[in-house]
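Before any comments, here is the structure.
So that the names make sense, note that chain A is the first sequence line, chain B the second, and so on, each numbered from 1.
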There are 2 protein chains.
Amino acid sequence: MVRIVAVSLSDIAERAGVSVKTVSGALHGGSARMSDDTRQKVKAIAEELGYVTNLAARGVRQGWLPLVGVVSDGLITSPFATEIVRGLDGAARSAGMAVFAVNHRSGQSIGSVLDEVQQFRPRAVAYAAMYHKDVALPDRLAGAVGVMINCREAAGRVTALVPDEEGGAREIVRYLLVAGRRRIAFINLPGILAGTLREMGFRAALEEAGIDHLGVFPAVRRSVYSDRAPSLVASHVEALLKSGQRPDAILCGNDRVAMEVYAALARAGLRIPDDIAVASFDNQVEIASRLDPPLTTMALPHRAMGRLAMEILLAEQPEPPHLRKLPFHLVERASV
Amino acid sequence: MVRIVAVSLSDIAERAGVSVKTVSGALHGGSARMSDDTRQKVKAIAEELGYVTNLAARGVRQGWLPLVGVVSDGLITSPFATEIVRGLDGAARSAGMAVFAVNHRSGQSIGSVLDEVQQFRPRAVAYAAMYHKDVALPDRLAGAVGVMINCREAAGRVTALVPDEEGGAREIVRYLLVAGRRRIAFINLPGILAGTLREMGFRAALEEAGIDHLGVFPAVRRSVYSDRAPSLVASHVEALLKSGQRPDAILCGNDRVAMEVYAALARAGLRIPDDIAVASFDNQVEIASRLDPPLTTMALPHRAMGRLAMEILLAEQPEPPHLRKLPFHLVERASV
DNA sequence: CTGAAAGCGCTTACAG
DNA sequence: CTGAAAGCGCTTACAG
């Protein structure tokens, strides 16, 4: 492609008959003292010449580029990841930073991606995971990562921002109880941290209310949850409906599981929420709001994690590493 | 966060007792001539010191950073956008470039985002749209954008890569015809370029086969398609089923529309594909593969657009601006 | 209020 | 085969 030779401060200086330092001050140094005349003249010439700041040059001087690197496992692919980036991006821009997202490709070590990012001399670096898990950072790089998003650094050396899975599960169960539901089953995502923690919350909330649950069932056969694994959802629902105690509410591991529960319930001729309530986790809007009836679901705090991450990264006073659990929020629709 | 002072080439040079130029040659100049001894020694010291190339410094020298800027309307949010980035990213990495994605926020002019990106002196810049449309680039910036992805530059000044909507519609209709379907209706996305072009393909394919269609209906009321607009899908399906000529196939504007068609058909007690076939556009995997039965749908060439875009951006010989339509591909599942 | 110069960390002619 | 120097476009003490 055609490359127009970029105009530099010295081009402007020459044209304005002033020094480069004066131009720099006029354009970027908000508080630099000079006559208003000079400043206006310089600005006008810069505009006329189509000057665009060269951040690389400033960067080599300052030692860093106004970038916040975000390295994530797998491509920033899910709607959730997008929310994280949205949160980061908003906060970054107000600080004059841009978000530079780099993904590690399968087979690539986390260390090599981190190195790749460091080459650009970002101001700070975050690590973000697609789903809530533990991540082991190589020793030499633990210090280079300022915050973990949606994951915990295995050795606890880095501040981590994660969803409060247990609290979220508690909240949705309480909501079902308030709605008068008493026979509740949970079709959970097996083999992942979120599933384990939510199950704890689920059990705790029911115990607290003195109510027995109808069981916790795995959505798929594989021990680690994966969309590719054969689904067990339909058979669980059928078994549940045939059992002595028919549930009056089914809590689902995510909205896709809920989608299958809806289908199984429709096949059985049951109406939601009249015959049976359905609730879930994720708030994957495209699914949840399109389901009939629209799905009541717990939204993950992805945007908040992103926003808070940027605050931590850009903070003047670094805090000691800690784990911060952010609350889900309930999105009420019509399935309960 | 703690910042370790970065090690520079001169640190290595000092330690190795050679000049900076030798270090630079040993580390980065693949073909630079020097004794193997020197090269090995320099590399070992670089490793030991944890040297990381300073791309900002190299960039100020070369005039550009090894970045390909991608500016898009709205956040890289949809699964489709992700595929574009995936395509770009793969091609970029093989060329030693990183993808730098910047979105324009609502209210921000396209010119100002482009300027923002230019500050980083990227090697090349692409513009990507969330959905197929025409985009007007400001005159002064048309030359700065090397390729349009999923959109056409309004004045045709920039090479544009778009899905072959008309061809895709033709192909899926032919597929329905081969499957023996003869009474086909189309619930289309109104008011967007993709919808208009697909409708042309739909009509052409049926005309070519000498078959009448059962009508083209808008999925939503609003003239511009939006997920927020009230859906008309269910009522179209009901009307279609009640009409004299019941359809044996419904083509849907996208997978979310298909999802609603499934629901309406289920309510009517009709089986897919035995009673009626359903096909669609998008291949939004989370929906299409989760539907029961899994949905046959035309996948958009997003990844291919991304890959090809990078080739165009990085090409030695720039081509004159042209419009390139990339083919959809059929994802056969079980709904036809 | 403004200028001349040094220096950030690289790469690239130019010498030897 | 290797070095010393210039220069990329900035910003920041240091002078005046």
Side-chain angles (χ1 to χ4, degrees), chain A residues 3-43 45-46 49-67 96 115 118-123, chain B residues 3-43 45-46 49-67 96 115 118-123:
Chain A
R3 270 211 108 51
I4 292 92
V5 176
V7 1
S8 68
L9 290 190
S10 67
D11 295 331
I12 301 173
E14 195 180 349
R15 182 95 158 235
V18 298
S19 74
V20 171
K21 113 106 210 186
T22 303
V23 177
S24 174
L27 262 27
H28 306 305
S31 59
R33 293 191 178 177
M34 69 186 59
S35 73
D36 253 15
D37 258 18
T38 312
R39 188 184 294 273
Q40 292 315 324
K41 185 165 122 197
V42 168
K43 282 193 171 174
I45 295 179
L49 261 35
Y51 175 73
V52 179
T53 308
N54 185 331
L55 256 18
R58 182 184 292 172
V60 60
R61 186 74 234 275
Q62 322 238 76
W64 47 266
L65 251 19
L67 288 172
D115 281 339
Q118 296 289 6
Q119 297 193 330
F120 287 96
R121 297 292 189 271
R123 192 69 213 275
Chain B
R3 271 211 107 53
I4 292 94
V5 176
V7 0
S8 68
L9 290 190
S10 68
D11 295 329
I12 301 174
E14 193 180 351
R15 182 95 159 234
V18 299
S19 75
V20 170
K21 113 106 210 187
T22 303
V23 177
S24 175
L27 260 28
H28 306 304
S31 60
R33 293 190 178 176
M34 69 185 62
S35 73
D36 253 15
D37 257 17
T38 312
R39 188 184 296 273
Q40 291 316 324
K41 186 164 121 196
V42 168
K43 282 192 172 174
I45 295 177
L49 261 36
Y51 175 72
V52 178
T53 308
N54 184 332
L55 257 17
R58 183 184 291 171
V60 61
R61 185 75 234 275
Q62 322 239 74
W64 47 266
L65 251 19
L67 289 172
D115 281 338
Q118 296 290 5
Q119 299 193 328
F120 287 96
R121 297 292 189 269
R123 192 68 213 276

Taking pairs as Watson-Crick (N1-N3 plus N6-O4 or O6-N4) or G-U wobble (N1-O2 and O6-N3), each distance under 3.5 Å, the stems of three or more consecutive pairs with DNA chain C are C:1-3 with D:14-16, C:5-12 with D:5-12, C:14-16 with D:1-3
Summarise how protein sits on nucleotides 8-13 of chain D as a single string, 5' to 3': B when a protein heavy atom is under 4.0 Å from the base, S for sugar-phosphate-only contact, - for no contact. BBBBBB
Pairwise distance CZ(A/R58) to CD(B/Q119) - rounded to 0.5 angstrom: 7.5 Å
Search all heavy atoms of A/A26 against all heavy atoms of A/K43 and return the closest pair with its distance. O-CE, 3.6 Å
Note: B/G50 and B/V7 closest approach over all heavy atoms is O-CG1, 4.1 Å
Give a yes or no on this: more than 12 heavy atoms of other residues, nucleotides or ligands lie within 6.0 Å of atom CD of B/Q40. yes
Is the phosphate of C/dC1 approached by A/T38 (side-chain N or O, under 4.0 Å from OP1 or OP2)? no
In Å, rounded to the nearest 0.5 Å, how long is the span from CG of A/N54 to CG of A/L9? 9.0 Å
To the nearest 0.5 Å, atom CD of B/Q118 lies from atom OG1 of A/T53 at 12.0 Å
Is the shortest side-chain N/O distance from B/S35 to OP1 or OP2 of D/dT2 below 4.0 Å? yes
If every non-hydrogen atom of B/G96 is compared with every non-hydrogen atom of B/P66, which pair is closest and at what distance? O-CB, 3.7 Å
Would you please test A/L67 and B/F120 for side-chain contact (heavy atoms from CB on, under 4.5 Å) and show each step? CA-CA 10 Å; A/L67 288 172; B/F120 287 96; 3.7 Å; yes
